[in-house]
Number of protein chains: 2
Amino acid sequence: MATGRTHRPASRSRGIPEATVARLPLYLRALTALSERSVPTVSSEELAAAAGVNSAKLRKDFSYLGSYGTRGVGYDVEYLVYQISRELGLTQDWPVVIVGIGNLGHALANYGGFASRGFRVAALIDADPSATGKITAGLPVRHTDELETIIRENQVSIGVIATPAGAAQEVCERLVAAGVTSILNFAPTVLSVPDGVDVRKVDLSIELQILAFHEQRKSGEEALAAAAEAADADGPGTRGKPEKSQKATPLAAPAKAAKAAVKAAVARKTGRSGPDGEVPAVMPA
Amino acid sequence: MATGRTHRPASRSRGIPEATVARLPLYLRALTALSERSVPTVSSEELAAAAGVNSAKLRKDFSYLGSYGTRGVGYDVEYLVYQISRELGLTQDWPVVIVGIGNLGHALANYGGFASRGFRVAALIDADPSATGKITAGLPVRHTDELETIIRENQVSIGVIATPAGAAQEVCERLVAAGVTSILNFAPTVLSVPDGVDVRKVDLSIELQILAFHEQRKSGEEALAAAAEAADADGPGTRGKPEKSQKATPLAAPAKAAKAAVKAAVARKTGRSGPDGEVPAVMPA
DNA sequence: CCATCTTTGTGCACGCGTTCACAAAGGCAT
DNA sequence: ATGCCTTTGTGAACGCGTGCACAAAGATGG
């Protein structure tokens, strides 16, 4: 799962919890696989295993959709595929545009999973004039100038942003102004949008950082803690949360000094981390 | 945030909530941007706005890390960058391997955001012999046979899987067997891993489906509901949840018939949805 | 040194999501 | 038909995450 989410204010639409909606595609994929193997029915236990979730959770999720399923037997695969598809809105065709045909945009344009789920790439759009006209994934790359026209003519309501971060907000605004109300953002920026517009964000860099966090935990923190100890005056074990007991003791001054010391040390080796804020996750710098 | 997550059992590591960990990279990015503009300090309000979150949430998140920040002033940007980096484990270098150099793998290999965050691509690996040796993003593509050697020699503990779904589980097992304990999975499959191994999943298709769900809600469900009404015997308004009052009335038979009818209708138009289970999210079919 | 003003850090309450555990429901065999 | 066995659907309890609101802390100006 791509990660961070910047979607709607956590309100549930028509009784279906957001968390459940996020899992429906998972179930749908597992069911599709079963369908291809011509499996007629499946129990909550089996399907849950295939989708990688708890069976109780799965049953509760389905209960929000209605009472599909037969006690003592399980769920009819084809029937469930249809119901979930309908609930997700995949029974209709969704034209989408991809803006920013760099390395990632190129990969997205070639992604085969679109069509099979009711998504259709209406157009590829890029700001670079030299890229315009190039056939990519069977479609000519159009110039940004045509953005509004393309959106309106194709009734596009879903846009994918794969531009550098610097261009993302502007592209976003133009998309919204032209009528797009759902945006999938690959640029490493926080997009601000008016109410009524959904934004979901995918950021590889964030996923990797979360993995690194857990990895650090697993590989024993000792070595690193020891190394950091020299610079960090807080001491290694105390860091969890400042002791409640350090009331108003004259600890303020030393703590301040420690911060300053670390700051200085940090300043010395700053310059390593280049600006990565300008390229979307999964694009060459 | 992209989505579905299949990570650890929701237990918090050493007191830092998982939700907080997931936001730290967000703060870090915002802080890095401020740092580049040489902004010395920032208030929780400003930083929260830049990161796209609530200021109370941000302060609470930081409180798990310790008492950095000065009341009446705000947070020292450089100092906070260092603290968060350290907490996330980004002060050390993480060698990663990318397995599956298709369209997506190629894009990932060229991603510039790796190095700036302490990640280093140790090797690119692909199963296709004809791809082996090709220089991609400055690195030669190695054959899958060398996987174990590469992992061990480079002490790789983080692996990225960008292969077709069919190969993902096997690759995963080989990675784990060779010593990898964190996996970022782009293949549309549920990976089963032993305890102690973290898996995070990024799936574009799922993100789009979630957007489609909300989009369907926004664009009024009426038309679609009316269309489905013909086939769905439940009736349009009743679907929220089966009425409690339909106790043991002879409604079972009609309901069953309705399901069968829909099933037949579904069967008729099945064949549209191609198998998408074989390619990772963001790869050409 | 004191008053004032800003901003942090957090106690508390609320709501969503998860999980357990079980009664109800249906199939199937006798 | 009747009883047994399997599996669903859900009521209820619990725990995590979020947001409010405020007291404590510190800076700043007089």
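Below, chain A is the first sequence line, B the second, and so on; all start at residue 1.
In this view, Ser44(B) and Ser55(B), Leu58(B), Arg59(B), Tyr75(B) satisfy the side chain to side chain contact (heavy atoms under 4.5 Å, CB included) rule, not counting sequence neighbours. Under the rule for a side chain to side chain contact (heavy atoms under 4.5 Å, CB included), the partners of Ala168(B) that lie at least two apart in sequence or sit in another chain are Ile161(B), Thr163(B), Ala187(B), Thr189(B), Leu191(B). A search for side-chain hydrogen bond (donor to acceptor under 3.5 Å, both in side chains) contacts involving Thr181(A) returns Glu215(B), not counting sequence neighbours. Arg23(B) meets the salt bridge (charged side-chain N to carboxylate O under 4.0 Å, His left out) test with Asp61(B); sequence neighbours excluded. With sequence neighbours excluded, no residue forms a side-chain hydrogen bond (donor to acceptor under 3.5 Å, both in side chains) with Thr41(A).
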Between N or O atoms, less than 3.5 Å apart, protein on one side and nucleotides 4-7 of chain D on the other: list the pairs.
residue, atom, partner, partner atom, Å
dT7(D), O4', Gly72(A), N, 3.0

Which atom pairs link the protein and nucleotides 1-4 of chain C when you take only N or O atoms and keep those under 3.5 Å?
none

Show the distances under 3.5 angstrom between N or O atoms of the protein and N or O atoms of nucleotides 1-3 of chain D.
none

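The two residues Leu90(B) and Ala212(A) come nearest to each other via the heavy atoms CD2-CB, 4.2 Å. Listed here is the closest heavy atom pair of Ser205(A) and Gln209(A): OG-NE2, 2.8 Å.
Regarding Leu47(B), its CG atom lies at a distance of 20 Å from the P atom of dT6(C), rounded to whole Å. At whole-Å resolution of the value, CZ in Arg59(B) and P in dT6(C) are 15 Å apart. Distance CZ (Phe62(A)) to P (dT8(D)): 10 Å, rounded to an integer number of Å. Look at NZ on Lys57(A): it is 17 Å from P on dT8(D), rounded to the nearest Å. Rounded to an integer number of Å, the gap from CG of Asp76(B) to P of dT8(C) is 13 Å. Summarising the geometry, the separation between CD1 on Ile16(A) and P on dG17(C) is reported as 12 Å, rounded to the nearest angstrom. The distance from atom CG of Leu65(A) to atom P of dT8(D) is 15 Å, rounded to the nearest whole Å. Look at CD on Glu18(A): it is 11 Å from P on dT18(C), rounded to the nearest Å.
Between the axis at the start and the axis at the end of the helix from dC1(C)-dG30(D) to dT30(C)-dA1(D) there is an angle of 10°, using five pairs per end and rounding to 10 degrees.
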Working for side-chain hydrogen bond (donor to acceptor under 3.5 Å, both in side chains), residues Glu87(A) and Gln83(A) | CA-CA 6 Å; Glu87(A) 197 66 48; Gln83(A) 291 298 344; over 6 Å; no
Check step by step if side-chain contact (heavy atoms from CB on, under 4.5 Å) holds for Asp203(B) and Leu26(A).
-> CA-CA 10 Å; Asp203(B) 191 327; Leu26(A) 237 55; 5.9 Å; no
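For a distance-only test at 3.5 Å, the side chain of Lys60(B) fails to qualify as a donor-acceptor partner of the base of dG9(C).
Between Leu24(A) and Leu28(A) the shortest side-chain heavy-atom distance does not fall below 4.5 Å. Using a 4.5 Å heavy-atom cutoff, the side chains of Arg117(B) and Trp94(B) are not in contact.
Residues Glu36(B) and Thr32(B) bring no donor and acceptor atom of their side chains to less than 3.5 Å of each other.
In this structure a side-chain-to-backbone donor-acceptor pair under 3.5 Å is present from Gln216(B) to Arg86(A).
Two residues, Ala56(B) and Arg23(A), neighbour DNA chain C, and the one matched to the more 5' nucleotide by heavy-atom proximity is Ala56(B).
Listed candidates were dT18(D), dC20(C), dT10(C). Nearest to the side chain of Ser63(B) is dT10(C).
Residue pairs satisfying the ring-ring contact (aromatic ring centres under 6.0 Å, His included) criterion with at least one member in residues 19-47 of chain B, sequence neighbours excluded, are listed as follows: Tyr27(B)-Phe62(B).
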